[in-house]
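Both ligands and their constituent atoms are indexed starting at 1 by order of listing. It should be emphasised that the depicted structure is a prediction, and the values quoted were computed from it without experimental measurement. Values reported hereafter were calculated over all heavy atoms of this structure, with side chains retained and with hydrogens, waters and symmetry mates removed. Here, residue 1 is the first one in the sequence, and each next residue gets the next number.
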Amino acid sequence: MPDDPDLAAPDTTAALGFSSRAIHAGQEPDPSTGAVVPPIYQVSTYKQDGIGGLRRGYEYSRSANPTRTALEECIAALEGGERGFAFASGLAAQDTLLRALLRPGDHVVVPSDAYGGTYRLFNQVLVPWGVEHDIAAIADVESVRAAIRPETKVVWVETPTNPLLGIADISALAEVAHEAGALLVVDNTFASPYLQQPLALGADIVTHSATKYAGGHSDVVGGLIVTKAGLRTARDEDVTERVGFHQNAMGAVAGPFDAWLVLRGLKTLAVRMERHCDNAEAIVEFLQRHPGVTAVHYPGLPSHPNHDVAARQMARFGGMISFQVKGGEDVATKVCAETELWTLGESLGGVEALIEHPGRMTHASVAGTALEVPSDLIRLSVGIEDVDDLIADLRQALDRLT
Ligand SMILES: *Cc1c(COP(=O)(O)O)cnc(C)c1O
């Protein structure tokens, strides 16, 4: 509970570097046994020492659970925010956040290549609730400014975007949102806090699908929110308090084992991201030289339209690449099906390399909308395998099929 001092222990790791925080923030040795890893507190309720006499603030695990608290403190420390919140999935986190921030009659600006599930949430869940949105090309600050209305309460940003790896200028968009009295929310899933810390760039709230780089091993579905200290809504409500209230009131929380898996993933985030980036850079170079490839989308390329912005706000350029092939949808889907080391699958951010066809898979739900993606597009989630093996497998498929 936010008002319980024991649950909001002071962060003694604030001055440490990223990996030290990832390994230690929220993860003091267990007070009862000294276990160096926070135990999986697989429990629903807690003994009270007399009515209301809660031990360290724990009462019922929807409201708070020690394993989840450890993860929430860790992600808050990594994003440099006031408080972290952990959920059953990325979309559960986003739904909770949006219902905490918005009311029927409000308006949101949504990016033109948002994650398909996020767009579906806006379009098919929030619209019937009475929250409207306009779609803007998020890489273009003026297009976002033009989409803002008097009722706009939230500007939603993903950067890099999925699947076209567009880059939004977080600082510039924070200014545009704030001038309009709106909050800037950044979905930081693709970059991870290791490569990009939106709150330091002026954003108000960060969300993650912890299913991706935070968890990092394709073995858990989870979501995270981090709020900035002292943040208030346009209605002058305390955002951290409201998100905490909605987390408990809506109940889409991360279970203890899922929280533990994400926490374990975060410990190695820095080393994994360095390797994801190393491998991605080599693969981009290979793809650019392949005659069957017509376009490569990667923010690290100097030819990327917002490369300068990416270089300013990201430590490196990440492990996601998309590219287009000669021969259209037919060839693109065949390439996806005929790699061996690259597994055909949705999702991203795990240690294993994944390949997919956004038009028919992750982004099938936005076909026929403004968010439709090119049919000859292939998306790669570059794994941390040996890069020569990853390139050889792509080469055999592209050589044969393009
Ligand atoms: C996967 C993803 C989500 C949704 O998260 P889930 O954990 O699948 O609910 C949201 N945003 C982005 C950018 C994603 O990649």
Novice: Please confirm whether F323 and H290 have ring centers closer than 6.0 angstrom.
Specialist: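 Ring centroids of F323 and H290 are no less than 6.0 Å from each other.
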Novice: With Y194, which residues qualify under ring-ring contact (aromatic ring centres under 6.0 Å, His included), at least two apart?
Specialist: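 Here the qualifying residues are F18.
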Novice: Using the ring of Y60 (Phe, Tyr or Trp, six-membered ring only), decide whether K47 places NZ or CZ under 6.0 Å from its centre and within 45 degrees of its axis.
Specialist: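 No, K47 and Y60 do not form such a contact.
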Novice: Please produce the table of protein N or O atoms sitting under 3.5 Å from N or O atoms belonging to ligand 1, one pair a line, distance to 0.1 Å.
Specialist:
from     : atom 1 : to   : atom 2 : distance (Å)
ligand 1 : 5 (O)  : S209 : OG     : 3.0
ligand 1 : 7 (O)  : G90  : N      : 2.8
ligand 1 : 7 (O)  : S209 : OG     : 2.8
ligand 1 : 7 (O)  : T211 : OG1    : 2.7
ligand 1 : 9 (O)  : G90  : N      : 3.0
ligand 1 : 9 (O)  : L91  : N      : 2.9
ligand 1 : 11 (N) : D187 : OD2    : 2.7
ligand 1 : 15 (O) : K212 : NZ     : 2.7

Novice: Look at K334 together with D330 and state whether they make a salt bridge at an N to O cut-off of under 4.0 Å.
Specialist: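 Yes.
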Novice: Name all residues meeting the ring-ring contact (aromatic ring centres under 6.0 Å, His included) criterion together with H357; count only those two or more places apart in sequence or in a different chain, and write none if there are none.
Specialist: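 For H357, no residue satisfies ring-ring contact (aromatic ring centres under 6.0 Å, His included) once neighbours in sequence are set aside.
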Novice: List for me each residue that meets salt bridge (Lys or Arg N to Asp or Glu O under 4.0 Å) alongside R395, sequence neighbours excluded, and say none if there are none.
Specialist: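 Salt bridge (Lys or Arg N to Asp or Glu O under 4.0 Å) list for R395, sorted by chain: empty.
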